[in-house]
There are 2 protein chains.
Amino acid sequence: MLTIGKISDAAGVKVPTIRYYEEIGLLPEAERSAGNQRLYGQKAQERLTFIRNARELGFPLDAIRDLLSLSDRPDQSCAAADAIASAQLAAVEARIARLTALKAELERMLVQCAGGMIADCRVIEVLGDHAKCHADHAPTGHLTEVAG
Amino acid sequence: MLTIGKISDAAGVKVPTIRYYEEIGLLPEAERSAGNQRLYGQKAQERLTFIRNARELGFPLDAIRDLLSLSDRPDQSCAAADAIASAQLAAVEARIARLTALKAELERMLVQCAGGMIADCRVIEVLGDHAKCHADHAPTGHLTEVAG
DNA sequence: TCTAATCTCTCTAGTAACTAGAGGTGCAAG
DNA sequence: CTTGCACCTCTAGTTACTAGAGAGATTAGA
């Protein structure tokens with residue numbers, strides 16, 4: 001039986017994150033030692049590793065929850081898991097396309113900003129009036145793209 | 001003078017978002033009508049458009065705050081704005097690289113999942129034991145990549 | 001065996017960037 | 001004048017955690 005710190009190291013997931021996963025029901029409630037500390041066995045560690053890998057591949061926790069419930073019933077068709085992964089793939093592709101467009105835009109801005117004064121700065125200017133950019137690129141509606 | 005709904009439409013930023021921007025100090029406090037409703041002029045609308053464009057290009061609000069304070073002093077060198085935009089470009093490029101790797105991984109998973117049972121499903125298996133994947137890809141430490 | 005250092009516990013609050021909803025008021029058209 | 005939409009404030013929820021306080025558990029060394 002491993003303490004939380006050990007599976008944290010083993011699975012590469014931080015201690016508070018593990019407790020958080022338990023809290024939201026992604027991990028079952030851990031056994032406790034006499035002194036109330038969490039104890040984990042092999043199965044828990046595998047489950048945590050699964051979660052970590054899926055997170056690394058960009059799956060949101062809800063999708064992971066679904067995948068876990070699928071993997072708990074190994075006799076069923078693979079189709080549902082396939083659907084989740086496919087949706088994830090499509091989302092990733094969409095993000096790549098979007099980011100590639102942003103990259104081009106940023107490069108254009110920067111090329112034109114050659115050490116002048118703010119008054120003539122293309123970075124500022126382009127952001128103030130995007131019409132000065134090239135015309136229509138997809139109007140996005142929700143602005144949830146975020147810098148890493 | 002325009003009401004909040006009008007500049008919302010004009011700038012393409014939702015009404016609650018505008019109030020939020022005011023609350024966090026990205027927009028100055030708006031004038032009010034006799035009946036306590038917010039009123040906006042040309043300048044506020046331009047500022048909001050600037051924010052919207054920058055958000056669309058993936059700038060975080062903190063960076064936008066910096067850019068706005070730069071654009072308020074047009075006599076200074078463009079270097080700071082350039083630096084912010086460059087950092088943003090680098091962040092975007094890093095995200096693209098990461099997502100491209102994820103895409104390859106997901107595609108590999110899916111190719112091998114050809115309608116079998118969960119017990120043999122590569123999607124589940126790969127997530128359970130990433131060693132079954134190809135070896136080392138960048139160990140990321142923080143798992144903040146999210147599906148769109 | 002004692003003690004000091006390191007874990008671990010719970011709980012609360014904070015992060016980014018909003019979104020949603022409740023319950024109430026302003027305003028313009030018919 | 002009333003109907004109905006737009007607006008107001010405030011609170012709480014979202015995702016996936018992270019940080020910190022204050023207290024108890026465990027373990028390694030003297």
Side-chain angles (χ1 to χ4, degrees), chain A residues 1-27 29-40 44 48 51-66 68 88 91 95 140-148, chain B residues 1-27 29-40 44 48 51-66 68 88 91 95 140-148:
Chain A
M1 284 303 201
L2 304 169
T3 59
I4 198 168
K6 307 293 178 182
I7 57 157
S8 168
D9 291 346
V13 177
K14 290 186 192 143
V15 168
T17 305
I18 297 171
R19 289 196 276 251
Y20 168 74
Y21 286 164
E22 179 180 315
E23 189 189 320
I24 64 172
L26 267 190
L27 293 175
E29 296 198 8
E31 287 178 58
R32 299 300 182 112
S33 73
N36 198 33
Q37 303 198 347
R38 287 174 181 82
L39 295 176
Y40 299 91
L48 188 53
I51 296 171
R52 185 244 156 102
N53 289 331
R55 285 295 296 129
E56 226 167 71
L57 286 171
F59 289 86
L61 291 184
D62 269 3
I64 296 173
R65 205 185 293 273
D66 290 346
L68 281 168
Q88 182 57 20
R95 288 169 75 77
T140 53
H142 67 110
L143 306 175
T144 51
E145 200 65 65
V146 154
Chain B
M1 286 301 199
L2 303 169
T3 57
I4 198 169
K6 308 292 179 183
I7 57 156
S8 168
D9 291 347
V13 177
K14 289 186 192 144
V15 167
T17 304
I18 297 171
R19 290 196 275 250
Y20 168 73
Y21 286 163
E22 179 180 316
E23 190 189 320
I24 65 171
L26 268 190
L27 293 175
E29 296 198 8
E31 288 177 56
R32 299 298 182 114
S33 73
N36 197 33
Q37 302 198 347
R38 288 175 181 81
L39 294 176
Y40 298 91
L48 187 54
I51 296 170
R52 185 244 155 104
N53 289 332
R55 285 296 296 129
E56 228 167 68
L57 286 172
F59 288 85
L61 291 184
D62 270 1
I64 295 173
R65 205 185 293 272
D66 290 346
L68 281 167
Q88 181 57 20
R95 289 168 73 76
T140 52
H142 68 109
L143 308 174
T144 50
E145 200 67 66
V146 156

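Throughout, a chain's letter reflects where its sequence line sits, starting with A, and its residues are numbered from 1.
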What is the distance from [atom1] of [X] to [atom2] of [N], rounded to the nearest Å?
X: B:Arg52; N: C:dC18; atom1: CZ; atom2: P; value: 11 Å
X: B:Asp9; N: D:dA6; atom1: CG; atom2: C1'; value: 11 Å
X: B:Glu31; N: D:dC8; atom1: CD; atom2: P; value: 14 Å
X: B:Ile24; N: C:dA17; atom1: CD1; atom2: C1'; value: 8 Å
X: A:Glu23; N: C:dC9; atom1: CD; atom2: C1'; value: 14 Å
X: A:Arg55; N: D:dT18; atom1: CZ; atom2: P; value: 10 Å
X: A:Lys6; N: C:dC7; atom1: NZ; atom2: P; value: 8 Å
X: B:Tyr20; N: C:dT19; atom1: OH; atom2: P; value: 10 Å

Checklist entry - Taking all atoms of both residues into account, what is the closest heavy-atom pair of A:Val15 and A:Gly5, and its distance? => result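 Nearest pair, atom of A:Val15 first, then A:Gly5: CG2-CA, 4.1 Å.
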Checklist entry - Which atom names give the shortest non-hydrogen contact between B:Tyr21 and B:Ile51, and what distance separates them? => result CE1-CG2, 3.6 Å
Phosphate OP1/OP2 of [N]: any [X] side-chain N/O under 4.0 Å:
X: A:Tyr21; N: D:dC17; value: yes
X: A:Arg38; N: C:dT8; value: no
X: B:Lys14; N: C:dC18; value: no
X: B:Thr17; N: C:dA17; value: no

Next on the checklist: Does B:Arg19 reach a base, just sugar-phosphate, or nothing at all? Heavy atoms under 4.0 Å.
Outcome noted: base
Checklist outcome for this item: Walking DNA chain D from its 5' end, the first of A:Pro16 and B:Thr3 to be reached, judged by nearest nucleotide, is B:Thr3
Could you measure the distance from the [atom1] atom of [X] to the [atom2] atom of [Y]? Nearest 0.5 Å is fine.
X: A:Ile64; Y: A:Leu26; atom1: CD1; atom2: CG; result: 7.0 Å
X: B:Ile4; Y: B:Asp9; atom1: CD1; atom2: CG; result: 11.0 Å
X: A:Glu23; Y: A:Glu29; atom1: CD; atom2: CD; result: 10.5 Å

Checklist entry - Where do B:Leu61 and B:Tyr20 land on the side chain to side chain contact (heavy atoms under 4.5 Å, CB included) test, with the steps shown first? => result CA-CA 12 Å; B:Leu61 291 184; B:Tyr20 168 73; 4.1 Å; yes
Checklist entry - Any idea which of D:dC7, C:dA17, D:dA16 is nearest the A:Pro60 side chain? => result D:dA16
Checklist entry - Do the side chain of B:Arg38 and the main chain of B:Ala30 share a donor and acceptor less than 3.5 angstrom apart? => result no
With the criterion being N/O to N/O and under 3.5 Å, what pairs connect the protein with nucleotides 25-30 of chain C, and how long is each?
| unit_1 | atom_1 | unit_2 | atom_2 | d |
| --- | --- | --- | --- | --- |
| C:dG26 | O4' | B:Gln37 | NE2 | 3.4 |

